[in-house]
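Chain letters run A, B, ... following the sequence lines, proteins first and then strands; every chain starts at 1. Values reported hereafter were calculated over all heavy atoms of this structure, with side chains retained and with hydrogens, waters and symmetry mates removed.
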Protein chains: 2
Amino acid sequence: MRVLGWQPERADERWPAMNHRRKPLYEQVVDDITTSIQAGTLKPGDKLPSIAQLTVQYGISNTMIKFALRILGERGLIETHQGKGSFVASPPQ
Amino acid sequence: MRVLGWQPERADERWPAMNHRRKPLYEQVVDDITTSIQAGTLKPGDKLPSIAQLTVQYGISNTMIKFALRILGERGLIETHQGKGSFVASPPQ
DNA sequence: GCTAATTTGTTCGTATGTATC
DNA sequence: CGATACATACGAACAAATTAG
């Protein structure tokens, strides 16, 4: 699966999102995964990396990853199951 | 507005929700406020207490209060505006 | 079938940024 | 301007479901 290797330049740059009205970090993750799904790189049924892996890949906290996954779940793009993981949902209609 | 004086017996009882499959704390807040809105105790345009106040009233952390408010917002029951507060939304249709 | 490891779920606390009053 | 209020973000601990061995 596509893994987006984006990393912040410095870990100390903790609130870059605010400085110049940049997108929040969790929203970047949401957009990133959404794009991958819409582009077909991530297909229905595909398993996303674990939260632990995503925190490393994106360089942000588990809190924000969970937040992003929750939003994606609300939007029906993914399904998350305790103990299993998160999976790309099958589109409706 | 209706303020529900529920408090956990002891602050140390941090994960009672799991012990016997109780509803998560944030979900209790969601249900509580939802009930008040549906019962008409909270009317459209009414301002909810601040997050700080809600943490005291419910005896849970700001994290969980924010989480609950976010869910209520997603469901269209309330509207939250930075610097202003949360307000009961006007029902659609 | 049991156990350990993995993975998500819930919860707390705290710090800093931004908008509004 | 100062106080108030929400937004974003980090880290950590423990619970519960699932999977791996």
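With rounding to whole Å, R70(A) atom CZ is found 15 Å from dT8(D) atom P. One atom, CE of M64(A), and another, P of dA15(C), lie 17 Å apart when rounded to the nearest Å. At whole-Å resolution of the value, CD1 in I65(B) and P in dG13(C) are 12 Å apart. Here dT8(D) presents its P atom at 12 Å from CD of Q28(A), a figure rounded to the nearest Å. The separation between I71(A) atom CD1 and dA7(D) atom P is 12 Å, rounded to whole Å. Distance L54(A) CG to dG11(D) P: 15 Å, rounded to the nearest Å. Distance, L25(B) CG to dA15(D) C1': 13 Å, rounded to whole Å. We find that CD of E79(A) is positioned 12 Å from P of dG9(C), with the value rounded to whole Å.
Sequence order on DNA chain D of the closest nucleotides to E27(A) and N62(A) puts E27(A) first from the 5' end.
Partners of T80(A) according to the side-chain contact (heavy atoms from CB on, under 4.5 Å) rule, which considers only residues two or more places apart in sequence or in another chain, are I78(A), S86(A).
Closest of all the heavy-atom pairs between Q28(B) and K23(B) is NE2-O, 3.2 Å.
Between Y26(B) and F67(B), the ring-plane angle classifies as perpendicular under the 30° and 60° cut-offs.
A distance of 11.5 Å separates OG1 of T63(A) from CG of L25(A), quoted to the nearest 0.5 Å.
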Every protein N/O lying under 3.5 Å from an N/O of nucleotides 2-8 of chain C:
{"from": "dT8(C)", "atom 1": "OP2", "to": "I51(A)", "atom 2": "N", "distance (Å)": "2.8"}
{"from": "dT8(C)", "atom 1": "O4'", "to": "G83(A)", "atom 2": "N", "distance (Å)": "3.3"}

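Contact annotation: Y26(A) reaches the phosphate of dT8(D) (side-chain N/O to OP1 or OP2, under 4.0 Å).
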Handout entry: Working for side chain to side chain contact (heavy atoms under 4.5 Å, CB included), residues E27(A) and I71(A)
Key = CA-CA 9 Å; E27(A) 205 173 315; I71(A) 292 175; over 6 Å; no
Practice task
Mind running side chain to side chain contact (heavy atoms under 4.5 Å, CB included) on V88(A) and E79(A) for me, showing each step along the way?
Solution key: CA-CA 6 Å; V88(A) 178; E79(A) 283 176 11; over 6 Å; no
